[in-house]
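Within every chain, numbering begins at 1; the chains are lettered A, B, ... in the order of the sequence lines, protein sequences first and strands thereafter.
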Number of protein chains: 2
Amino acid sequence: MQAKEAAEKLEITQRMLRHYEKEGLMEVGRTLNGYRSYSAADLRRAGRIRDFIATGFSTREIRAMSACLSDEGSGPCEGGVEKLREKLEHIDRLRAELDDKRNVVIDRLAALQNRLASVSSR
Amino acid sequence: MQAKEAAEKLEITQRMLRHYEKEGLMEVGRTLNGYRSYSAADLRRAGRIRDFIATGFSTREIRAMSACLSDEGSGPCEGGVEKLREKLEHIDRLRAELDDKRNVVIDRLAALQNRLASVSSR
DNA sequence: TTGAACATTAACATGTAAGTCAGGCTTTGT
DNA sequence: ACAAAGCCTGACTTACATGTTAATGTTCAA
């Protein structure tokens, strides 16, 4: 698969696909004419990189746990587990707070609607 | 509480606390001598900002939902059912994004642990 | 064979998180 | 009174995601 199609499927730009390569996050084969050729595995890997970046990981961090990115991913990616756990903590803390906040709003909304209901039923 | 202690409790630098202010993400009171004085609420708010940034949100995005960051849903977070509903939409959208991000991490973690398990059981 | 659509690299640009350092004021302990 | 430690602002620096553009090569269809 050529660059354009790959980029479209991943909903990122070709620019970023090249960026991933230049940053050493993935390697992509070439056809005879020098064009990049993306395999299905390349797509999955690039998709993971995209998600990690969108989740606040730097290229440095992603590179550091590069082994954890491949489908088969053998090798030493133990350090990756640490980072994943940390990230999970961040996300979960945020989620918990968002949930609290959500309840505050819901309660208030309910209170408002109670008042409206009691007014309109008068 | 002064800057040093606040930064230590939040495990970020004073530099970043000042940064949050300059970016309009929070306001911090001053004592007579001009020193910043962080309240418990300030600490919580800064902690949320820290978590949002660590989760890949830009200052622009954080600023946009600034009202949802305070402890009390009061302030600009009130003003009738309309605003509350908007607020809820914001929060739910955020929660959805967070869940996506969380799933990315969880999937990877699960994949890693499957691999480790199958290796160690051999 | 010419043009459109695709590809390539390289260079330049922008926004922003984050570090660091300099120059200067304030507080506090000795 | 002096030194150490804190604070303040502002400026310089780096890293990095991402966009844009320019110059050029390749493929394909009319």
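Sorted by residue number, the members of residues 44-58 of chain A with any non-hydrogen atom under 4.0 Å from DNA chain D read A:I53, A:S58.
Using a 4.5 Å cut-off on side-chain heavy atoms (C-beta onward), A:L88 and A:E86 make no contact.
The two atoms that bring A:K87 and B:A54 nearest to each other are NZ-O, 3.0 Å, heavy atoms only. Of all the heavy atoms in B:I49 and B:I62, the pair that sits closest is O-CD1, 4.2 Å. In plain terms, the two heavy atoms of A:L17 and A:A3 that are nearest each other are CD1-O, 4.2 Å.
Applying the salt bridge (Lys or Arg N to Asp or Glu O under 4.0 Å) test to every pair with at least one member in residues 50-64 of chain A, sequence neighbours left out, gives these pairs: A:E23-A:R63. Sorted by first and then second residue, the side-chain hydrogen bond (donor to acceptor under 3.5 Å, both in side chains) pairs with a member in residues 29-41 of chain A read A:E21-A:R36, A:T31-A:N33, A:S39-A:D42; sequence neighbours excluded.
When the nearest nucleotides of DNA chain C are assigned to B:L32 and B:R63 by heavy-atom distance, the more 5′-ward of the two goes with B:R63.
Computed from coordinates, the B:E23 CD to C:dA18 P distance equals 11 Å when rounded to whole Å.
Residues meeting the side-chain hydrogen bond (donor to acceptor under 3.5 Å, both in side chains) test with B:D107, sequence neighbours left out: none.
Ion pair B:E5/B:K9 flagged as a salt bridge, since at least one NZ, NE, NH1 or NH2 atom sits closer than 4.0 Å to an Asp/Glu carboxylate oxygen.
For the atom pair CZ of B:R95 and CG of A:D99, the computed distance is 4.5 Å after rounding to the nearest 0.5 Å.
Put simply, the side chain of B:K4 never gets that close to the backbone of B:Q14: no donor and acceptor are under 3.5 Å apart.
Heavy-atom contacts of chain B under 4.0 Å fall on DNA chain D between two terminal nucleotides, which in 5' to 3' order are D:dG6 to D:dT9.
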### Per-nucleotide protein contact string for nucleotides 4-11 of chain C, where B marks a base within reach and S marks sugar-phosphate only (heavy atoms under 4.0 Å, - for neither)
--BSSB--
